[in-house]
Each structure stands twice: as structure tokens, then as C-alpha cells.
Amino acid sequence: MAFVLSSAFRKQVLLIPFMNAVRGMSSSGGPTPPFTTLSVSRPAETITHVEICRPEKRNAMNKAFWLEMVDCFNQIAEDSECRVVVFSGAGKLFTSGIDLMGMASDILQPEGDDTARISWNVRRVITKYQETFSVIEKCPKPVIVAIHGACIGGGVDLITACDIRLCTQDAWFQVKEVDIGLAADVGTLQRLPRVIGSRSLVNELAFTARKMYADEAKSCGLVSRVFPDKDTMMAGALEMAGEIASKSPVAVQGTKVNLIYSRDHSVPEALHYIVRSELRSVSV
């Protein structure tokens, strides 16, 4: 460092980095119910639990889900009381992916009377659906996802946008899109290579649509912990969320912002970014 700070001032600086990049520290109140596809609760004062709640449909992602996810996480981002999010699925499995019956008109029969208009509408629809999971990354609060049973198609898009992934021993993952004549176009092909670090394995999963089970998911880095059952996993997820919530929220959220920036930029760019962030925080 080109200058010396007192220990007290230095500690203060370290606790308030990245202020311009971090949202949600000045307003209160959690997501406003009701959602039709999501259940939102507050198991602890600083922890928000979001659950896909369509168990009768195997938590399939219908049109309402794609819109409600954006609304929900935008509200969480602005909730000053929330420091950590735990995300899970209700019922027997995490999610069966896209609700093909409910989404067929958007995916398989896009609007338009000619090729140009059809292409424009496809682009618009895909961009809108990409935001459903990008909003998880944009939310400054760390998101722990707890996966049990099947995590298919859009479920993989979702979990790869989360910060920490946990699963049960019976969990399995499938990049399913090629089996229905589509490419995974809302995040898996962009995020999964960065998550597991093996281009060969990503290609294999995406080209074959084979299932990946919990032990392989842990060994390749898709998940960081495997639990014997859902109850144990949820207890572990909440314990981890509580530990994170006990830290400085500005430090934790600033760390998330910089981790995501570093993932998408070179080391020199990321180092420069964090220096600029610290300098901005000092001037606040």
C-alpha cells in the first residue's frame, strides 16, 4: 500500500468495501406475497428461505415461475434485513425443469408471421428467461441452494447461478435439453463450465443428457457437500446460512460482487476492480 492506515480506520475500511456495488442495505421488508409458484419464509431474522412450491407438478417451471423469480429476488436484493438466502424445492424432488405443457407456446410455437418476426420474438423470450436465473447472481445476498431428488433441465440453469450448492445422496442432475431438440439457452452452457472446470465433462453431459449422481457431482465440484437426506441437508443449509449471516453483511456482499466479477474477468482486471472498489468505499 502506498499509504498507512491506523488499525481502527483500516478495520473500518475493510468492513465497508464495495459500497457502490452492493445493493439492499438501506431498505427493509422481505418479498411481498403471494407468489403462486414460490413459498417465501423467514426461518431466522436475517435468513430468507425461498422454495419452489409446485410439488403436484414436480416443481416444473411454468410461465408464472419465470416472472416470479425475478420479482422475488429483486425484492430480496432490497431487503436490508436479509443477509443470506436458502433456496430449495418442495415435495419429492427439487425440480423436473421446464413445464413443457405450460411453456409450449413460447418455446415451440413462438409468435410471428415471418422468419424475421419469429426470430425477434424468440430472442425476446430467451432473454427474458435468462434474467430469471441471472437475477440470482445480481442479488448481492449469498444464495445457498439445497437440492434433493431430481434436478433436471432448467434446474441446472438455476443451481449454477447460485453461490453454494448442497445436495442429498439421492440427488441427480441432468442437462436434458438435447432430448427435446433444444440447446440449454438460459445459463447452463455458460455457467456449468465455470462451476466444474472440465470442458470435457460439460460437453459429455450436454451432448448425451445422461444423469449425474450426487457422488460424481461432489467429485467434480458441482456441489460442495452431500447429505444423507433432505431434513439433514436443510438443517445443514440453515446452519451454514446462520454462520454467513453472523458476518458483516457489507463484507459478505462485497465479497460476492468481487467473486463474480473475478470469474468473468482476468486476474489483473479483477485486482484493479477491487482496488477501485476500496477507494470508492473510503470516499463514501
- Query: For Q130, what residues pass the side chain to side chain donor-acceptor pair (under 3.5 Å) criterion, not counting sequence neighbours?
  - Reply: none
Should [X] and [Y] be counted in the same cluster of Ile, Leu, Val, Met, Phe, Trp and Tyr side chains packed under 4.5 Å apart?
X	Y	value
V186	L67	no
V143	I147	yes
L158	M233	no

Could you check whether [Y] and [X], counting side-chain N and O atoms only, form a donor-acceptor pair closer than 3.5 Å?
X	Y	answer
Q75	D71	yes
T95	R58	no
D229	T168	no

- Message: Return the CZ to CE distance between F227 and M234, rounded to the nearest 0.5 Å.
- Response: 10.5 Å
- Message: On a heavy-atom basis, which atom in A161 and which in F133 lie closest, and how many Å separate them?
- Response: CB-O, 3.4 Å
- Query: Closest heavy-atom contact between P55 and C53?
  - Reply: CD-C, 3.3 Å
- In terms of the angle between their ring planes, are W172 and Y213 parallel, tilted or perpendicular, with boundaries placed at 30° and 60°? tilted
- Counting only N and O atoms by type, is there a donor-acceptor contact under 3.5 Å from the side chain of H148 to the main-chain atoms of L93? yes
- Note on the structure: side chain to side chain donor-acceptor pair (under 3.5 Å) test vs R54 passes for just one of T36, N59, T37, D99, namely D99
